Amino acid sequence: MRVVLLSAEYPPNPGGVGDYTQCLSAALATRIAAIEVWTIRAGMLCAINPQIPEQIGLPIAPATWGWSAWGAICAGLQRHKPDLLHIQYQTGAYHMHPALNLLPARLGLESHRPQIVVTAHDLFMPYLFPKAGPLRSWVTRRLLEDCDATVVTNLEDFAAITGQVQNKPNPTVHFVGRIRSTPHIIPIGSNIAPNPPVGYNRAVWRATLGISPETTLVAYFGLISPTKGLDVLLDALEQLPANIRVLIVGGDSPAPQDRQYAAHLRERIESPALAGRVLVTGHCTPPDVSAHLLAADIAALPFADGATFRRGSLLAALAHGLPTITTAVDSTHQGSYTEQANIPAPEHTQLPKLVDQQNAALIAIGDTQALVMHIQQLAQNPTQRAKLAEGARTLAAAFGWDAIADRHVNLYQQLIGK
């Protein structure tokens, strides 16, 4: 079996989908003899061996993630002849361009093409032109329906594209519809293992950051983009005592549409109201990310579209045993979206749930006052922090990469008959 994973993001370039692709490809490489990752580096589509990801990779053809990607990918398929092409899709990573959405239809014109799988890491629609309206939804549907199999990473997205739920947040930008085939649910795992640098000492690491033992350090992990809710966290910080500080583990998103948002937040961070209370690490190596998360007391991830298991940053916080405050998708305090909506899972699919005050503290989307309250409560209550930390580790253990890789191999074998 020859398999190609196609991803717009891949280390050393930052991005959660790239980190996911690296973890998945490494796990698959122990099960599949011939596997490559294709991505664009320095204007060239390259084939990378996941076992030596630091190498530039074998050049295939010049390309961007626009229409030129079609010719480069077709050339690579003719040369490498994989049995299966697995597209890792996130709209923003492909610069909101529809070329990848229509790639499976384009490959359908070839006399011989591999089986095609798409993992929809989000269901946001690409930008086409002003007032494109239903056309944007059609383009997203084409991607999902023209492939031989669609993978989603969580029950919420499964419900959205099987027509079970019609009230997703942000309906003007989020694909809400129904595709003909039933998608497969394969969760993502944490892209950051609890593996800090050799000789790591938490107290020393905190001191290097300028964090005293009396300070409560609240970690935010991820690229700075509007969907992550960092503005809500900064709103909360302005109302919290001076002994509470925020550590932003990450940096600006490479997506052009996120840069203005990040610039605005950096101005806020440097304002008199927040001066000296927010640390920004910039992009870090995985061991350094792990060290920062282990140095924190609490994680705050107030996602603007709610917490789901598509969020690698959430899984990383849970895997590090951080008491985590995050947002319920249904904007209530009563538990996760999947519990409230009672979404029926596909047969043989068992996913754990976020449960308020058991493995996370759940707040409503955009509820600054609730975030303030929960940070204060956890800062003052080590017993509750310990309870949430234990629940977080237990929940994270359900998302191991070996099990995730096995489920992918089973899907691949079903499609290519091997």
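Note that the structure is a prediction, hence the values are computed from the model and not measured.
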- Message: Is it the case that the side chain of Thr208 and the backbone of Arg206 share a donor-acceptor pair, with hydrogens and angles ignored and the cut-off at 3.5 Å?
- Response: no
- Aromatic ring pairing Tyr94/Tyr89, orientation class (parallel under 30°, perpendicular over 60°, tilted between): parallel
- Item | Pairwise side-chain contact, Trp65 with Leu100, heavy-atom cut-off 4.5 Å (strictly under) | yes
- Task: Check whether any side-chain N or O of Thr215 sits under 3.5 Å from a backbone N or O of Ile211 as a donor-acceptor pair, and report yes or no.
- Result: no
- Check the pair Val289, Phe221 against side-chain contact (heavy atoms from CB on, under 4.5 Å), reporting the backbone distance first and the verdict last. CA-CA 8 Å; Val289 171; Phe221 174 38; 3.7 Å; yes
- Query: Any side-chain heavy atom of Asp288 within less than 4.5 Å of one from Thr281?
  - Reply: no
- Query: So which pairs with a foot in residues 193-202 pass side chain to side chain donor-acceptor pair (under 3.5 Å), sequence neighbours left out?
  - Reply: Arg202-Asp297
- Query: Just wondering, do Val117 and Val151 contact through their side chains at under 4.5 Å, heavy atoms?
  - Reply: yes
- Query: Run the side-chain contact (heavy atoms from CB on, under 4.5 Å) check on His320 and Arg393 step by step: do they pass?
  - Reply: CA-CA 7 Å; His320 282 77; Arg393 293 189 186 95; over 6 Å; no
- Query: Does the side-chain contact (heavy atoms from CB on, under 4.5 Å) test come out yes or no for Val37 and Tyr10, once each step is laid out?
  - Reply: CA-CA 9 Å; Val37 176; Tyr10 198 70; 3.8 Å; yes
- Closest heavy-atom contact between Ala47 and Trp38? CB-NE1, 3.4 Å
- Item | Close side-chain approach of Gln239 and Ile244, heavy atoms under 4.5 Å | no
- Task: Spell out, as yes or no, whether a donor-acceptor pair under 3.5 Å connects the side chain of Asn154 to the backbone of Phe309.
- Result: no
- Item | Spacing of Leu411 atom CG and Leu84 atom CG [to the nearest 0.5 Å] | 7.5 Å
- Message: Check whether Arg245 reaches the backbone of Gly210 with its side chain - one donor and one acceptor, N or O, closer than 3.5 Å.
- Response: yes
- Do the non-hydrogen side-chain atoms of Asn359 and Thr394 ever get within less than 4.5 Å of each other? no
- Run the salt bridge (Lys or Arg N to Asp or Glu O under 4.0 Å) check on Arg31 and Asp406 step by step: do they pass? CA-CA 8 Å; Arg31 295 159 171 79; Asp406 287 341; 2.6 Å; yes
- Query: Is there side-chain contact between Ser190 and Leu318, with at least one heavy-atom pair below 4.5 Å?
  - Reply: no
- Report the C-alpha distance between Asp305 and Arg311 in whole Å, list the side-chain angles of each, state the deciding distance to 0.1 Å, and finish with yes or no for salt bridge (Lys or Arg N to Asp or Glu O under 4.0 Å). CA-CA 11 Å; Asp305 52 358; Arg311 297 288 193 179; 2.7 Å; yes
- Query: So which of Val17, Ile48, Ile40, Asn13 actually passes side-chain contact (heavy atoms from CB on, under 4.5 Å) with Ser7?
  - Reply: Val17
- Do Ser137 and Thr140 have side-chain atoms, one donor and one acceptor, less than 3.5 Å apart? no
- Query: Can you tell me if Thr150 uses its side chain to pair, donor with acceptor, with the backbone of Leu144 under 3.5 Å?
  - Reply: yes
- Query: Has the side chain of Thr119 got a donor or acceptor atom that lies under 3.5 Å from a matching backbone atom of His121?
  - Reply: no
- Message: If only side-chain N and O atoms count, and only distance matters, is there a donor-acceptor pair under 3.5 Å linking Trp205 with His292?
- Response: yes
- Can you measure from CH2 (Trp401) to CG (Leu28) and round to the nearest 0.5 angstrom? 9.5 Å
- Message: Tell me the closest heavy-atom pair linking Leu371 and Ala300, and the distance in Å.
- Response: CD1-CB, 4.3 Å
- Shortest non-hydrogen pair, Leu223 vs Pro14, comes out as CD2-CB, 4.3 Å
- Item | Pair Gln88-Glu9, side-chain donor/acceptor within less than 3.5 Å | no
- Item | Side chains of Ser25 and Thr21, donor plus acceptor under 3.5 Å | no
- Query: Do the rings of Trp67 and His97 sit parallel, tilted or perpendicular, given the 30° and 60° boundaries?
  - Reply: perpendicular
- Mind checking whether His86 and Tyr412 have parallel, tilted or perpendicular rings, split at 30° and 60°? perpendicular
- Query: Is it the case that Asp122 and Thr91 place a side-chain donor and acceptor less than 3.5 Å from each other?
  - Reply: yes
- Message: Is there a side-chain contact between Asp258 and Asp252 in this structure, where contact means two heavy atoms from C-beta onward sitting under 4.5 Å apart?
- Response: no
- Item | Interatomic distance, Ile186 atom CD1 to Ile404 atom CD1 [nearest 0.5 angstrom] | 8.5 Å
- Task: For the pair Ile325 and Ile298, evaluate side-chain contact (heavy atoms from CB on, under 4.5 Å) and give the outcome as yes or no after the intermediate values.
- Result: CA-CA 8 Å; Ile325 306 167; Ile298 301 167; 4.0 Å; yes
- When you check the gap from the basic side-chain N to the acidic O, do Asp231 and Arg268 get nearer than 4.0 Å? no
- Message: So that I can tick it off, tell me whether Glu390 and Arg385 are bridged by a salt bridge, with the cut-off set at under 4.0 angstrom between side-chain N and carboxylate O.
- Response: no
- From Arg310 atom CZ to Asp157 atom CG, the distance as rounded to the nearest 0.5 Å: 4.0 Å
- Over all heavy atoms of both residues, which pair between Glu36 and Pro50 is shortest? Give the atoms and the distance, please. CA-CD, 4.2 Å
- Message: Is there a side-chain contact between Ile248 and Leu279 in this structure, where contact means two heavy atoms from C-beta onward sitting under 4.5 Å apart?
- Response: no
- Item | Side chain Arg2, main chain His80, donor-acceptor under 3.5 Å | yes
- Query: Taking all non-hydrogen atoms of both residues, which atom of Ala63 and which atom of Ala69 are closest, and how far apart?
  - Reply: CB-CA, 4.3 Å
- Task: Indicate the atoms forming the closest heavy-atom contact of Pro104 with Ile87, along with that distance.
- Result: CG-CD1, 4.3 Å
- Looking at CG of Asn101 and CG of Leu143, how far apart are the two atoms once the value is rounded to the nearest 0.5 Å? 5.0 Å
- Task: Would you confirm whether Thr326, through its side chain, and Leu301, through its main-chain N or O, come within 3.5 Å as a donor-acceptor pair?
- Result: yes
- Message: Main chain of Ile116, side chain of Asp148: is a donor-acceptor contact present, judged purely on distance under 3.5 Å?
- Response: yes
- Query: Rounded to the nearest 0.5 Å, how far does CG of Leu24 lie from NE2 of His408?
  - Reply: 4.5 Å
